[in-house]
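Per chain, numbering begins at 1; letters A, B, ... match sequence-line order. All values reported here derive from a predicted model rather than from experimental measurement.
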There are 2 protein chains.
Amino acid sequence: MHNHPEADADEKLDWAISRSRALGLRRTKALDALLRVLIEAKNPLSLADLADSNGLRDRCDRATVYRLVTRLDEKGIIRRIGLHERSSYYVFLFPGEHHDYLICTDCGKIDPVDLDCPVAELEEEVMRKSGYKQIYHELEFFGQCPDCIG
Amino acid sequence: MHNHPEADADEKLDWAISRSRALGLRRTKALDALLRVLIEAKNPLSLADLADSNGLRDRCDRATVYRLVTRLDEKGIIRRIGLHERSSYYVFLFPGEHHDYLICTDCGKIDPVDLDCPVAELEEEVMRKSGYKQIYHELEFFGQCPDCIG
DNA sequence: GTACCTGCAAAACCTTTGCAGCATC
DNA sequence: GATGCTGCAAAGGTTTTGCAGGTAC
């Protein structure tokens, strides 16, 4: 589940690019750069995070980043998640990977949390009971991080 | 868990008001109205939802609503949750109650989902492993609702 | 050559804050 | 009477869109 070390990054990037191509997106510098940043990120990134990242700053406009994440989200290559801040966050969606997050209510720090998420099994139940399709879930824990205690 | 019928609304309101008072808030018309709307709501409400609700529209300014939800959230009487839209949503926090939500990725409809949430037990584990305190969680399911399928 | 992308700039949207007057305790 | 709340209005920050030009296919 959480056993994809750095080494996979290039592999993921290749996969993401060909998938993007297959879904009708053009391969532009901005696309490459954005996918790379997102794949190498350890945490979800906001639009601002992305636009200001080393990989994208000076390489493309905020509006382009915005339109890219929107398209990639629509295609299901990345996912927009909530996380409480005013802005949206984006994560790369690699099949079979899922992360839950732990967020400090005081300083806003975001940490991925490693656990055998018991919710995956519930998705089917929810699907059956509700009639919804294409179900996925988001799980976040909120609390006061060690640095902010006391 | 999910056995608090409408009848409890008045009881909850009384409780919420005295708790607000105890925590140092003044009892104003706006406070009463806001708590009532939130307690009677079946779904989480955004700032706009609240301000435009029958209970609050014409009764108080948006800024007042904003400041009220902020205070109530700080006091732990209501809770701000994410839910994906650009705006924050608020729910009344009654001790012992917890809701997870099912949100349509197409039309944005929000439904509370009834299930024995298995995440509560994980909170302790997360707390132990991470050193975070005051942990709570949010769980949302996303999918395409029956009306939006096809 | 065409359809799609990008940059720049402006428009839209909410949220957030300052301040003077009013209500609660 | 003092403190905290409220309204109004303005400021802040992101997100979103229009349009002309450039680029991938």
Side-chain angles (χ1 to χ4, degrees), chain A residues 16-38 44-53 55-75 77-90 105 108 110, chain B residues 16-38 44-53 55-75 77-90 108:
Chain A
I17 291 175
S18 41
R19 192 153 164 65
S20 303
R21 289 288 301 116
L23 292 173
L25 301 184
R26 294 195 169 171
R27 178 167 189 179
T28 63
K29 291 168 197 166
L31 177 71
D32 270 36
L34 174 53
L35 287 173
R36 176 173 290 281
V37 169
L38 221 40
L45 299 179
S46 69
L47 207 56
D49 293 336
L50 285 166
D52 296 341
S53 68
L56 295 180
R57 182 167 11 107
D58 310 326
R59 257 218 196 77
C60 64
D61 191 79
R62 281 179 117 75
T64 300
V65 177
Y66 168 74
R67 284 182 279 220
L68 268 178
V69 290
T70 304
R71 278 177 225 141
L72 289 167
D73 182 47
E74 284 167 356
K75 304 291 187 186
I77 295 170
I78 71 177
R79 179 170 290 164
R80 183 164 81 86
I81 62 179
L83 299 193
H84 246 206
E85 296 307 309
R86 229 212 279 180
S87 28
S88 297
Y89 283 75
Y90 297 87
T105 46
I110 301 169
Chain B
I17 291 174
S18 40
R19 189 150 165 66
S20 302
R21 289 286 302 116
L23 291 173
L25 301 184
R26 291 192 172 173
R27 179 168 189 179
T28 62
K29 291 168 197 164
L31 177 70
D32 271 35
L34 174 53
L35 287 173
R36 176 173 290 282
V37 170
L38 221 39
L45 298 179
S46 69
L47 206 56
D49 293 336
L50 285 166
D52 297 340
S53 68
L56 296 181
R57 184 169 9 107
D58 309 327
R59 258 217 195 79
C60 63
D61 191 78
R62 281 179 116 75
T64 300
V65 178
Y66 168 75
R67 283 182 280 223
L68 267 177
V69 291
T70 304
R71 278 176 225 141
L72 289 168
D73 182 49
E74 284 167 357
K75 305 289 188 190
I77 295 170
I78 70 177
R79 179 170 290 163
R80 182 166 80 86
I81 63 179
L83 299 192
H84 246 209
E85 295 307 308
R86 229 213 280 177
S87 29
S88 297
Y89 284 74
Y90 297 87

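- Applying the side-chain hydrogen bond (donor to acceptor under 3.5 Å, both in side chains) rule to Arg79(B) yields no partners; only residues at least two apart in sequence or on another chain are considered.
- Per the geometry, CZ belonging to Arg59(B) stands 17 Å off C1' belonging to dC5(D), to the nearest Å.
- Looking at residues two or more places apart in sequence or on another chain, you find a side chain to side chain contact (heavy atoms under 4.5 Å, CB included) between Lys75(B) and Leu23(B), Leu25(B), Ile77(B).
- Atom CG of Leu72(A) and atom P of dT6(C) are 10 Å apart (whole Å).
- Protein atom CZ of Arg62(A) is 16 Å distant from nucleotide atom C1' of dT6(C), rounded to whole Å.
- Counting heavy atoms from C-beta on, the side chains of Leu47(A) and Tyr66(A) come closer than 4.5 Å.
- Whole-Å rounding puts the Arg80(A) CZ to dT14(D) C1' distance at 13 Å.
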Problem set entry | Check against side chain to side chain contact (heavy atoms under 4.5 Å, CB included), Leu83(B) and Tyr89(B) | CA-CA 7 Å; Leu83(B) 299 192; Tyr89(B) 284 74; 3.9 Å; yes
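- The listed nucleotides are dT15(C), dT6(D), dT6(C); the one nearest the side chain of Thr64(A) is dT6(C).
- To the nearest 0.5 angstrom, Arg80(B) atom CZ is 11.0 Å from Ser87(B) atom OG.
- Within the helix from dG1(C)-dC25(D) to dC25(C)-dG1(D), the inter-axis angle between the opening and closing five-pair segments is 40°, rounded to 10°.
- Here the side chains of Ile110(A) and Pro44(A) are in contact, with some heavy-atom distance below 4.5 Å.
- Here the shortest heavy-atom pairing between Leu38(B) and Tyr90(B) reads CD1-O, 3.6 Å.
- Contact annotation for Ala30(A): backbone-only contact, meaning every heavy-atom pair under 4.0 Å involves sugar-phosphate atoms and none involves a base.
- With rounding to whole Å, Leu31(A) atom CG is found 16 Å from dC4(C) atom P.
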Find every protein N or O atom lying less than 3.5 Å from an N or O atom of nucleotides 17-21 of chain D, and list the pairs.
residue: dG18(D); atom: O6; partner: Arg67(A); partner atom: NH1; Å: 3.4

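- Following rounding to the nearest Å, Leu50(B) (CG) and dC14(C) (P) show an atom-to-atom distance of 14 Å.
- Side-chain N or O atoms of Thr64(B) include none that pairs as donor or acceptor with a backbone N or O of Cys60(B) at under 3.5 Å.
- At a threshold of 4.5 Å between non-hydrogen side-chain atoms, the residues Ser20(B) and Ile17(B) do not count as touching.
- Note: CG (Asp61(B)) to C1' (dC22(C)) measures 15 Å, nearest angstrom.
- Between Lys29(B) atom NZ and dA23(C) atom C1' there is a gap of 9 Å when expressed in whole angstrom units.
- Salt-bridge annotation for Asp52(A) and Arg62(A): present, with a side-chain N of the basic residue lying under 4.0 Å from a carboxylate O of the acidic one.
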For residues 26-35 of chain B, dump all side-chain donor-acceptor pairs below 3.5 Å to protein atoms at least two apart in sequence or in another chain.
residue: Arg27(B); atom: NE; partner: Asp32(B); partner atom: OD1; Å: 3.1
residue: Arg27(B); atom: NE; partner: Asp32(B); partner atom: OD2; Å: 3.4
residue: Arg27(B); atom: NH2; partner: Asp32(B); partner atom: OD2; Å: 2.9
residue: Thr28(B); atom: OG1; partner: Leu31(B); partner atom: N; Å: 3.2

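- Of the residues in residues 17-28 of chain B, those placing a heavy atom less than 4.0 Å from an atom of DNA chain C are Arg21(B), Arg26(B), Arg27(B), in numerical order.
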